[in-house]
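Any value given below was found using the heavy atoms of this structure, including those in side chains, with hydrogens, waters and symmetry copies removed. Atoms within each ligand, like the ligands themselves, are counted from 1 in listed order.
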Amino acid sequence: MKKDFLLLRHHSTEELTALLDLAAELKAKTKAGQPHPLLAGKTLAMIFEKSSTRTRISFEVGMHQLGGKALYLNSGDLQMGRGESIADTARVLSRYVDGIMARVYAQSTVDDLAKWADIPVINGLSDLAHPCQIMADLLTIREHKGSLAGKTLCYVGDGNNVANSLIWGCIKLGMRVRMACPTGYDPDETTMAWAYENGDFACSPDMLAMASGADVLYTDVWASMGQEEEQAAREAIFAGFQINQAVVNAAARDCIVMHDLPAKKGQEISEEVFEAHANVIFDQAENRLHAQKAILVHLMQ
Ligand code: CP
Ligand code: NVA
């Protein structure tokens, strides 16, 4: 049966750990300049309904390094943008390429692509989830902290796609998760219910209490792609939810600070804290490449 990568909730702790191990192995090969053409001759179609820097480039370069090819497809340029159904698009792509990565608004779009395609489908971000980002984040935390189990991650800000996937990924890997979100901006309800039941999890607007003793502080933009019209209102609502020196002081002394990028410095993170932790933040961005190569090999080899 073909495999997909749509939501972290679908994957076991063992599978996610194996993917992180494979990512580390492929990263070492890449750094050593050792060729690893594991997907020679294979093609990945990349459909984008939204903008992207990291996701587009890391998937495209990743396919190149694996000996394959990636096609950048802006959804507005496809017949899909004029109303061709997802079902038909998925069946056509299945006749040409070996895998699909899609960045979409509705989670149902990527789910339907997976339902109708005979080839693996990867979620490159939806309004609900950003699973590829979190695989890169887990790889980064493991590199900087040595292990994941027992470490505490505190996320500050909007309970968005990144927050939802962090909850699934971190808890499955044995981490403690603390969410500091303004009232009314909590993560997805089903995700939180699962986290309370299955992990060491707390969610509260009391940011300093949530950040207390954290090994990892993490934030993301206050307004995500598709919420541009809410930007001004959100700036008022989220004003207190910034990772700045006071939040860093509440966390563990050796805490790392993470951001999936792009960042709005001065909003969700202060310029000072961003620059002081830039090495980890850009490791995170680099690790998109290595983590996604592992996902591509796992699904498409
Ligand atoms: N973090 C992330 O997904 O970045 P892009 O939007 O640039 O792909
Ligand atoms: N939450 C952000 C993540 C960007 C990578 C968004 O969806 O725009």
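By the 3.5 Å distance cut-off applied to N or O atoms, Asp220 is counted among the residues near ligand 2. For a threshold of 3.5 Å applied to N or O pairs, the pair formed by Thr55 and ligand 1 contains at least one separation below that value. Annotation: Leu261 places an N or O atom under 3.5 Å from an N or O atom of ligand 1; distance criterion only.
What sits closest to atom 8 (O) of ligand 2 on the protein, heavy atoms only, is Met225 N, 2.8 Å. When hydrogens are left out, the protein atom nearest atom 6 (O) of ligand 1 is Arg103 NH1, 2.8 Å; that is the closest non-hydrogen contact. Scanning the protein heavy atoms around atom 7 (O) of ligand 1, the nearest turns out to be Thr53 N, 2.6 Å. Of all protein heavy atoms, the one closest to atom 4 (O) of ligand 1 is Arg54 NE, 2.9 Å.
Every atom of ligand 2 with a heavy atom of Leu125 under 4.0 Å away is listed here by number and element: 3 (C), 4 (C), 5 (C), 7 (O). Annotation for ligand 1: atoms under 4.0 Å from non-hydrogen atoms of Asp260 are 1 (N). Here is the list of ligand 1 atoms found below 4.0 Å of a heavy atom in His130: 2 (C), 3 (O). Atoms of ligand 2 lying under 4.0 Å from at least one heavy atom of Asn161, given by number and element, are 1 (N), 2 (C), 6 (C), 7 (O). Listed by number with element, the atoms of ligand 2 under 4.0 angstrom from any heavy atom of Leu261 are 5 (C). Interface of Asp260 with ligand 2, defined as ligand atoms under 4.0 Å from a residue heavy atom, comprises 3 (C), 4 (C), 5 (C). Interface atoms of ligand 2 facing Asn160, defined by a heavy-atom separation under 4.0 Å, are 1 (N).
No side-chain donor from either of His11 and Lys172 sits under 3.5 Å from a side-chain acceptor of the other. Between the side chains of Thr191 and Asn164, no donor N or O sits under 3.5 Å from an acceptor N or O. Looking only at atom types and distance, the side chain of Ser147 has no donor-acceptor partner in the side chain of Arg142 under 3.5 Å away. A donor-acceptor pair shorter than 3.5 Å cannot be found between the side chains of Asn161 and Gln133.
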Inset, instruction - In sequence, state the C-alpha distance, the side-chain angles, and the governing distance for Phe5 and His298, and then conclude on ring-ring contact (aromatic ring centres under 6.0 Å, His included). - result: CA-CA 10 Å; Phe5 197 75; His298 178 61; 8.2 Å; no

Legend entry - Phe238 and Tyr185: CA distance, side-chain angles, deciding distance, ring-ring contact (aromatic ring centres under 6.0 Å, His included) verdict: CA-CA 9 Å; Phe238 283 84; Tyr185 292 85; 5.1 Å; yes

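Ligand 1 is approached by Arg288 to a heavy-atom distance shorter than 4.0 Å. Heavy atoms of Asp127 come nearer than 4.0 angstrom to ligand 2 in no pair at all.
The aromatic rings of Phe274 and Phe282 sit perpendicular, their planes meeting at an angle over 60°, well past the 30° parallel limit.
No part of Leu125 comes within 4.0 Å of ligand 1, judged by heavy-atom distances.
At least one donor-acceptor pair under 3.5 Å links the side chain of Lys50 to the backbone N or O of Val104. A donor-acceptor pair is defined here as one N or O able to donate and one able to accept, closer than 3.5 Å; such a pair exists between the side chain of Glu228 and the backbone of Gly226.
For the pair Glu143 and Lys27, the salt-bridge criterion is met [side-chain N within less than 4.0 Å of a carboxylate O]. For the pair Arg91 and Asp118, the salt-bridge criterion is not met [side-chain N within less than 4.0 Å of a carboxylate O].
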